[in-house]
Number of protein chains: 2
Amino acid sequence: MSIQHAPRDLGLVAVTGLGACTRPALVSEPIDESSAAALAQVFKALGDPVRLRLVSLIGARQGGEVCVCDLTSAFALTQPTISHHLKILREAGLIDSQRRGTWVYYRLVPAALERMGELLSAAAG
Amino acid sequence: MSIQHAPRDLGLVAVTGLGACTRPALVSEPIDESSAAALAQVFKALGDPVRLRLVSLIGARQGGEVCVCDLTSAFALTQPTISHHLKILREAGLIDSQRRGTWVYYRLVPAALERMGELLSAAAG
DNA sequence: GCTCGTCATAGACAGCCATCAATACAGGCG
DNA sequence: CGCCTGTATTGATGGCTGTCTATGACGAGC
């Protein structure tokens, strides 16, 4: 996963790890409570303007990697607050991090975003 | 990687695809605060297990319409609580309602779901 | 060793939110 | 009209959450 955080990303991996036909489709049939809770965690992570802008800043960056110092400087918030938001996104499986020397670099997890996107598109269809 | 951490191009990453699509793309360029707030409202609406199950129940229903009484009976929650969640989903533009006689019927707004789905899929690359 | 810079964590606190009970509103039916 | 049923709104409350300050952990370099 990332630096030395405990391996506890249940959100997406648990569900995506299943067979291709058992993915919760949100509207093909009513989802159960545990699936709803797992999916809600990811949407909740996206449900904050700061975190959305963080995702946007990371994804827009050429190379797909941004170090925390650049992210912090893009907001009128303290560094611990940004770190807190990054942790929530990371625990939702939407981003992950890698330390190189002094700096920590974050990047998106495309599979997670793609999966949520497909979920909504399928619900629309 | 340069020796010192220089203020790299934080805002210039954009403007590459000046195609016809002018919607906030989340990743083609960093989104501004107002777009982030608007999008966050929708994701926040989806970021609750009860509301996700409500969307699922409505979308899974044959005909695409569900009356509130059926939704209420699907949860161990009081009717005002369900009504509260429906209001949040409605204000996010994800569902809308129609009164027919005594009952109120809710249905999904596919365009809204599709738009959020495309947003995430595009961000996935 | 020590110090500095970068990032994460802990603790505190204010504001928000999910939930409930009580109440109000709206429509059908006597 | 009055009564009943189905929904929405109000007000209260406990828990969650976004933010801060203070501090700790890690790496680089003197």
Side-chain angles (χ1 to χ4, degrees), chain A residues 1-8 33 36-37 40-55 57-58 65-92 95-107, chain B residues 1-8 33 36-37 40-55 57-58 65-92 95-107:
Chain A
M1 176 175 163
S2 46
I3 326 295
Q4 58 182 10
H5 318 285
R8 63 181 227 79
E33 291 158 73
Q41 185 203 0
V42 183
F43 282 125
K44 194 184 304 184
L46 292 169
D48 180 279
V50 172
R51 292 195 287 267
L52 266 186
R53 289 184 61 207
L54 284 171
V55 168
L57 284 169
I58 297 173
E65 281 188 341
V66 190
C67 98
V68 179
C69 55
D70 288 340
L71 295 173
T72 302
S73 64
F75 295 85
L77 295 170
T78 64
Q79 174 266 322
T81 297
I82 299 299
S83 195
H84 163 73
H85 285 301
L86 289 170
K87 181 181 186 178
I88 290 179
L89 287 169
R90 199 178 51 223
E91 287 176 349
I95 63 177
D96 77 349
S97 61
Q98 179 188 2
R99 174 161 223 140
R100 285 203 298 273
T102 303
W103 293 277
V104 175
Y105 294 87
Y106 279 85
R107 63 179 160 291
Chain B
M1 175 76 39
S2 56
I3 324 109
Q4 253 308 345
H5 129 63
R8 287 171 291 184
E33 294 166 355
Q41 187 205 357
V42 184
F43 282 124
K44 194 183 303 184
L46 292 169
D48 182 279
V50 172
R51 292 196 287 269
L52 266 185
R53 288 184 62 206
L54 283 171
V55 168
L57 283 169
I58 297 173
E65 281 188 341
V66 189
C67 101
V68 178
C69 55
D70 288 339
L71 295 172
T72 302
S73 64
F75 295 85
L77 296 169
T78 64
Q79 175 267 321
T81 298
I82 299 299
S83 195
H84 162 73
H85 286 302
L86 289 170
K87 182 180 186 178
I88 290 180
L89 288 170
R90 194 177 358 122
E91 288 175 347
I95 63 177
D96 77 347
S97 61
Q98 180 189 2
R99 173 161 224 137
R100 284 203 299 273
T102 303
W103 294 276
V104 176
Y105 294 87
Y106 279 85
R107 70 179 95 77

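Note on naming: letters A, B, ... go to the chains in the order of the sequence lines (proteins, then strands), and numbering restarts at 1 for each one. Here the structure is a predicted model, which means the values were calculated and not measured.
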If you compare all heavy atoms of B:Val66 against all heavy atoms of B:Ile58, which two are closest, and at what distance to 0.1 Å?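 Nearest heavy atoms, B:Val66 then B:Ile58: CG2-CA, 3.6 Å.
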Measure across B:Ala92 and B:Val42 and return the closest heavy-atom pair with its distance rounded to 0.1 Å.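 Nearest pair, atom of B:Ala92 first, then B:Val42: O-CG2, 3.8 Å.
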Considering residues at least two apart in sequence or located in another chain, which fulfil the side-chain contact (heavy atoms from CB on, under 4.5 Å) criterion with [X]?
X       : result
B:Glu33 : A:Arg53
B:Ser97 : B:Arg90, B:Val104, B:Tyr106
B:Gln41 : B:Glu91
A:His85 : A:Asp48, A:Val50, A:Arg51, A:Leu54, A:Thr81

Answer with base, sugar-phosphate or nothing: what part of the nucleic acid does B:Leu77 contact at a heavy-atom distance below 4.0 Å?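 Here B:Leu77 touches the backbone only, sparing every base.
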Would you classify A:Ile88 as touching base, sugar-phosphate or nothing, given that sugar-phosphate means primed atoms plus P, OP1 and OP2, and contacts are heavy atoms under 4.0 Å?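 The answer is sugar-phosphate, as A:Ile88 gets under 4.0 Å only of primed atoms, P, OP1 or OP2.
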Over how many whole Å does the gap from [X] atom [atom1] to [N] atom [atom2] extend?
X       : N      : atom1 : atom2 : result
A:Arg53 : D:dG18 : CZ    : C1'   : 15 Å
A:Glu91 : D:dG18 : CD    : P     : 12 Å
A:Ile82 : D:dG18 : CD1   : P     : 12 Å

Report the residues that fulfil salt bridge (charged side-chain N to carboxylate O under 4.0 Å, His left out) with B:Arg99, sequence neighbours left out, ordered by chain and then residue number.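 Listed in chain order: nothing, the list is empty.
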Partners meeting salt bridge (charged side-chain N to carboxylate O under 4.0 Å, His left out) with B:Glu65 (sequence neighbours left out):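 Applying salt bridge (charged side-chain N to carboxylate O under 4.0 Å, His left out) to B:Glu65 gives B:Arg100, B:Arg107.
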The side chain of A:His85 is closest to which nucleotide in this list: D:dT19, C:dC20, C:dT19?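 Closest nucleotide among those given: D:dT19.
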Rounding to 10°, can you tell me the angle the first-five-pair axis of the helix from C:dG1-D:dC30 to C:dG30-D:dC1 makes with its last-five-pair axis?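 End axes: 10° apart.
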So, does A:Ser83 use its side chain to make a donor-acceptor pair with the main chain of A:Gln79 at under 3.5 Å?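 Here the side-chain-to-backbone pair does not exist.
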Protein proximity profile, nucleotides 5-16 of chain D - base contact B, sugar-phosphate-only contact S, no contact -, cut-off 4.0 Å on heavy atoms: -SBBB-------
A:Gly101 or A:Gly47, whichever maps to the more 5' nucleotide of DNA chain D: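 Whichever sits nearer the 5' end wins; that is A:Gly47.
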With a 4.0 Å cutoff (strictly under), does any side-chain N or O of B:Arg100 reach OP1 or OP2 of C:dG27?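 Result: no.
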